[in-house]
Every structure is written in structure tokens, then in C-alpha cells.
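Worksheet: the structure to be examined is printed underneath.
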Amino acid sequence: MRLLPCGDSGLLVELADLDEVLALYAELVDDPPAGVVDLVPAARTLMLRIDPTRTDPAQVGRAVRATATRPGQRPDEGLVEVPVTYDGEDLAEVGRLTGLGERGVVEAHTAQEWTVAFCGFAPGFGYLVGADERLTVPRRSVPRTRVPARSVALAGEFTGVYPRESPGGWQLIGHTTLQPWDLDREPPALLVPGVRVRFVAA
Amino acid sequence: MPLGRRAARSTSWLEVVAPGPLTTVQDLGRPGLGALGVGHSGAADVPALRLANRLLGNPESAAALEVTFGGLEVVAHGCMTVTVTGAPCPVAVDGREHGAYGVVRVPDGASLRLGTPRSGLRSYLAVRGGIDVPEQLGSRAADTLAALGPAPLAPGDRLPVGTATDAHPGVDVAPVPVPEDGDVTLRVVDGPRADWFTPAAHTALVSQPYEVTSDSNRVGMRLSGTVLERMQDQELPSEGMVCGALQVPPSGQPTLFLADHPVTGGYPVIAVVVPADLPRAAQVRPGQRITFRRVSTPPLPPASPTTGDTDD
């Protein structure tokens with residue numbers, strides 16, 4: 001664990017890997033150190049945003065250092081089932097890249113439980129990590145200028161669902177009828193850090 | 001979200017005739033939603049918004065209009081009391097000029113026009129009762145990056161004005177320092193990836209001025225100056241960003257993040273502008289130059305040998 005400075009209003013905690021990020025986030029999310037107003041998990045880091053009128057980074061750093069984490073622990077914000085029609089434009093390519101074939105990709109995607117590790121790129125865009133690395137694929141070499149909303153996709157060790165139409169470089173394997181981001185719903189984001197996800201072939 | 005025609009239910013409203021280069025609704029933003037990928041947003045110059053609301057007896061969190069480089073023209077439907085803070089610009093009510101930072105009565109049907117500010121970039125037009133557009137995620141702020149909150153104002157938009165609840169403070173004018181013209185000095189502290197940059201980059205950052213380019217908005221200001229060279233060229237996995245971060249893309253020209261900055265970013269942050277200087281940063285115009293001055297921060301706690309924690 002390294003503590004990296006961000007001025008008076010932030011503290012960036014750098015960890016060895018995503019598992020350590022999830023374990024620390026799981027410990028802090030329900031009971032953050034006093035004066036911490038926001039937690040932003042990412043692939044290798046956890047950003048703690050601080051209200052500088054209430055505390056300072058050194059004090060928050062001491063609290064983080066004193067936090068005992070359990071290796072392998074993940075936050076748990078409940079289970080969501082996501083129905084997927086596996087008809088993505090890159091399904092064949094992903095089958096080739098992974099050596100699993102199209103059917104093997106669908107089986108690997110639906111057979112494991114995924115956890116939303118962090119959000120980024122756009123509101124409600126969750127980065128989901130699985131239990132094994134069979135579906136690890138590179139991003140497309142040429143990103144698409146337009147990816148339809150609700151596309152289900154893979155990139156690196158992650159899977160995700162595009163919350164709205166946007167440019168994107170992930171490999172598209174299917175689409176869902178669930179809306180990952182809906183401002184008329186509380187909470188608006190379906191896939192928030194700690195939510196466990198099962199994909200189900202529709 | 002488009003601004004609807006629902007204003008008809010409100011007793012008074014503003015009708016937009018011309019929005020100027022960019023006018024958005026802003027309040028104190030959406031703190032605490034970073035884990036959902038939602039940024040803080042809100043007024044770029046927070047003290048100016050708070051002051052405008054105090055002058056009118058509004059809660060400091062009431063929504064107002066952030067007017068970028070003047071040019072806003074609205075028509076008042078219903079009598080209202082307004083003020084303009086931040087970048088000081090002429091305020092004309094039916095052609096009659098009032099100074100900035102004063103409390104101005106606007107009769108029903110009158111036109112209200114903001115001229116070009118003498119200095120600074122962002123003026124705040126507040127109305128007693130607040131701009132009463134619907135909240136999204138607890139705020140009325142327009143997040144221009146995430147497309148949350150009301151869209152930037154367009155001709156024909158109607159903005160409902162809320163009902164004042166607190167007593168009128170009885171202040172006529174607020175004497176405050178106006179935004180600087182000429183070179184602006186902002187204090188910085190080392191950022192999370194300061195050790196990715198060469199000593200020459202750290203020296204250049206605080207010894208050569210950086211010009212604010214026209215490629216600047218509420219997300220951030222692209223700066224132009226001495227290239228900031230990296231010592232390490234590896235990819236940075238995206239990580240959380242803070243307002244005031246100086247992020248350095250491969251071009252070596254830093255971007256200073258403002259209110260609508262992305263929640264996470266994939267380029268290293270060499271330094272961070274101290275929170276107290278951010279309101280002044282938000283008032284620097286394209287073409288003005290920024291001189292950064294490094295200040296020190298108390299050290300962060302080291303790894304404790306007793307916990308077996310390591311620093312690498």
C-alpha cells in the first residue's frame with residue numbers, strides 16, 4: 001500500500017492489485033474515516049475525497065493504514081441477474097481470441113459470478129470482474145464511434161454494459177434489455193461497486 | 001435533460017432570449033457519487049455563487065446561472081430581485097445599467113442583459129428564490145461532461161423561479177475583490193504521480209508561466225507552455241481525479257481540471273492546485289497566463305513496521 005498526495009481534498013491509496021482495492025473498499029464503504037466525503041475505487045487505486053474543513057490527508061492516511069482488510073474479501077451490494085442476447089458483432093472474434101468458440105464464450109460469461117469493481121468512463125458504467133480469466137481479451141484496435149446503449153462487452157479482465165450510446169473500444173458480445181442507468185430509478189445506477197452479477201442467456 | 005415548458009406552473013420565471021457563449025444552471029453540485037461514476041460538478045467559482053445567494057437571502061445552495069463571458073439576455077416574467085457576482089459585468093435592466101455585485105429589482109416584463117465582464121470569465125446571476133428547475137441526483141447543476149442536469153441554456157428556455165423563504169438581508173452592494181487580469185499565480189502541491197516526472201519538469205512547472213488556451217471549458221483548461229517530460233512511460237491504469245489536478249497527457253502540456261472533470265483519468269497528475277485557489281483558477285480567461293507556485297504539505301503517514309505493511 002502506498003499513500004499518494006492529492007492536495008488537501010484527496011488521498012490516493014495505491015494497492016497491489018484489484019483484489020486489494022476491493023478488499024479495502026469493502027472495509028471502508030459503510031464506515032469511511034471521518035471527513036471522507038467520497039470513495040472512488042479504480043483498477044489499482046482507491047481515491048478518498050476529503051472535506052478539508054473537517055480533516056486532513058495525514059489523519060485519513062493513518063485511518064487507512066490502521067484498517068485491517070481480509071484478503072479476497074469483496075464488497076457485497078446484492079445480486080443482479082442480467083438477461084443477455086448473445087448476438088454481439090465481436091462474438092466470433094472473442095471466440096477466436098480466447099480459443100473458446102462462440103458457445104464457449106457464452107458458457108464462460110454465464111457460468112461465473114461477476115462483481116462490479118468500480119465505475120468510470122460514464123455515469124453508471126461498471127467494470128465487472130469475474131472469477132477466472134478465460135474471457136480476458138484486448139480492446140478492439142479501432143474503437144467504434146458508436147456503440148448502442150445496453151451493449152454487453154468485454155475488454156481486458158472486465159465485462160460491462162454500456163449505459164448509453166457512446167463511442168467505445170470494447171468487444172461487443174451481446175445486448176440486454178436492462179437499463180443500467182435510469183435517472184427515474186433509485187438508485188439510478190444498476191451496476192454500482194459491490195453488486196454481484198449473473199448473466200443469463202435470454 | 002431539456003428544459004421543459006413546466007415553468008407555466010411557477011408564479012415567475014425567466015425566459016431566455018440569448019444565452020451568450022455558454023450559460024448553465026449551477027448550484028453546489030453532487031458530492032459523494034464518485035463510486036457511481038458521477039462527478040461533483042456545481043459552480044466553478046463556488047464563493048461567487050455563495051455570495052450571490054447571501055446577497056439575496058437565499059440558502060447558499062440555491063441554484064443560479066453561471067454565465068460564461070457575458071452575453072446572456074433574459075426577460076423577467078413576474079417582479080424579481082437579482083444580483084450578479086463573479087466576473088464583474090454590466091447589468092442592464094431595460095437598457096438601464098447597474099453595476100455588478102449590487103442587488104437589482106427587475107420589474108415584470110423587463111429585459112435583463114449581461115455585458116462582457118471587465119475581468120474574469122464566469123459571472124453568477126442569482127434570483128431571489130433561486131432557479132427552480134428539477135433536481136437530478138440531488139442537484140440542479142448542469143454537468144457538461146456527464147450530461148446530467150439541465151442542458152446549457154438555449155433561446156426560448158423558461159426557467160422557473162422559486163419562492164423565497166428567508167428574510168431579505170437588506171444589503172445593497174458587496175465589496176469583494178474582482179478577478180485578476182494579467183498573470184495569475186496559483187499555489188500547487190505535489191500530485192500523486194509527481195515521481196513520474198523529471199526534475200526539469202518540476203522546475204519548469206513553477207518557473208515558466210503557462211498560457212490558458214481556447215480549448216478550455218468547465219471540464220478543464222488546456223494549458224500551453226514548457227513540455228513536462230516524464231521519466232516513466234508505462235500506461236497508468238485509470239485512477240480517481242480531484243478538482244485542481246494538473247493531468248499531463250503524452251503531449252506534455254498539462255490540463256487543469258475544473259468542476260466537471262472526469263471522475264477517473266488515465267494520465268499522470270504532476271501537481272494539484274490547492275482548493276483555496278480553485279475559484280480564482282475558474283476565472284482565468286483563455287490568453288491569460290498562470291504562474292504556479294509550489295507549496296509544501298505535511299507528510300503522509302509512513303507504513304508502520306508493526307503491521308507488516310510495505311510501501312511498495
Side-chain angles (χ1 to χ4, degrees), chain A residues 1-14 16 18 25 29 37-53 56-66 68 116 118-127 156 163-164 181 183 187-189 191-194, chain B residues 1 30-40 134-137 143 145-149 187-195 236-245 262-266 269 271-278 295-304 307 309-312:
Chain A
M1 176 190 289
R2 287 172 74 208
L3 302 181
L4 303 173
C6 287
D8 296 335
S9 58
L11 176 69
L12 190 67
V13 183
E14 185 177 54
L18 184 55
Y25 180 74
V29 64
V37 293
D38 209 354
L39 293 171
V40 185
R44 299 285 177 274
T45 53
L46 181 63
M47 168 71 84
L48 289 83
R49 295 225 179 89
I50 294 167
D51 177 352
T53 65
D56 61 65
Q59 205 170 343
V60 172
R62 279 190 292 276
V64 170
R65 290 244 185 247
V116 182
F118 54 91
C119 287
F121 176 61
F125 190 105
Y127 289 67
R164 60 188 184 202
W181 178 254
L183 280 165
L191 305 177
V192 302
Chain B
M1 183 186 64
R30 300 180 183 83
L33 300 175
L36 308 187
V38 174
H40 192 295
E135 292 187 348
Q136 277 190 343
L137 302 179
D143 183 331
L145 183 72
L148 283 171
R187 292 169 292 173
V188 292
V189 297
D190 273 349
R193 302 298 170 183
D195 58 356
L236 180 71
S238 287
E239 59 192 24
M241 291 283 140
V242 291
C243 197
V263 177
T264 59
V269 171
V272 179
V273 173
V274 304
D277 287 359
L278 285 174
V295 294
S296 61
T297 44
L300 293 169
S304 155
T307 61
D309 228 356
T310 64
D311 246 355
D312 45 32

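Labels below follow one simple rule: chain letters A, B, ... track the order of the sequence lines, proteins then strands, and each chain is numbered from 1.
- When heavy atoms are compared at a cutoff of 4.5 Å, A:R62 approaches chain B by way of both its backbone and its side chain.
- Of the listed residues (A:V40, A:V60, A:V116), the one with the most heavy-atom contacts under 4.5 Å to chain B is A:V40.
- Chosen from A:G124, A:P5, A:C119, A:G10, the residue pairing most often with chain B at heavy-atom distances under 4.5 Å is A:P5.
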Assess whether side chain to side chain contact (heavy atoms under 4.5 Å, CB included) is satisfied between A:D56 and B:T297, documenting all intermediate values. CA-CA 10 Å; A:D56 61 65; B:T297 44; over 6 Å; no

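- Only the backbone of A:L39 comes within contact range of chain B, with heavy atoms under 4.5 Å apart.
- In this structure, CG on A:L4 lies 7.5 Å from CD on B:E239, to the nearest 0.5 angstrom.
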Residues B:V263, A:F118; criterion side chain to side chain contact (heavy atoms under 4.5 Å, CB included); working and verdict: CA-CA 11 Å; B:V263 177; A:F118 54 91; over 6 Å; no

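- For chain B, the nearby parts of A:A43 are the backbone and the side chain; heavy atoms of each come within less than 4.5 Å.
- Contacts of A:P188 with chain B are made by side-chain atoms alone, with heavy-atom separations under 4.5 Å and no backbone atom involved.
- Residues A:A189 and B:L36 share a closest heavy-atom pair of CB-CD2, 4.4 Å.
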Please lay out, stage by stage, how A:M47 and B:T264 fare under the test side chain to side chain contact (heavy atoms under 4.5 Å, CB included). CA-CA 9 Å; A:M47 168 71 84; B:T264 59; over 6 Å; no

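- Residue contact with chain A, scored on non-hydrogen atoms closer than 4.5 Å, involves the side chain of B:P275 exclusively.
- With a 4.5 angstrom heavy-atom cutoff, A:L48 does not touch chain B via any of its atoms.
- Chain A forms the most heavy-atom pairs under 4.5 Å with one residue out of B:V242, B:V273, B:V269, and that residue is B:V242.
- Nearest heavy-atom pair across B:S238 and A:A42 is O-CB, 3.2 Å.
- When A:L183, A:V37, A:D8 are compared by the number of non-hydrogen pairs under 4.5 Å with chain B, A:L183 comes out ahead.
- Neither the backbone nor the side chain of B:L236 comes within contact range of chain A, judged by heavy atoms closer than 4.5 Å.
- Looking at B:D143, there are no atoms closer than 4.5 Å to chain A (heavy atoms on both sides), in backbone or side chain.
- Only the side chain of B:P237 comes within contact range of chain A, judged by heavy atoms closer than 4.5 Å.
- With rounding to the nearest 0.5 angstrom, the CD atom of A:Q59 is 12.5 Å from the CG atom of B:L300.
- Per-residue counts of heavy-atom pairs under 4.5 Å with chain B were compared for A:P123, A:G120, A:S9; the largest is that of A:P123.
- Considering CE of B:M241 and CG of A:L12, their distance stands at 8.0 Å, rounded to 0.5 Å.
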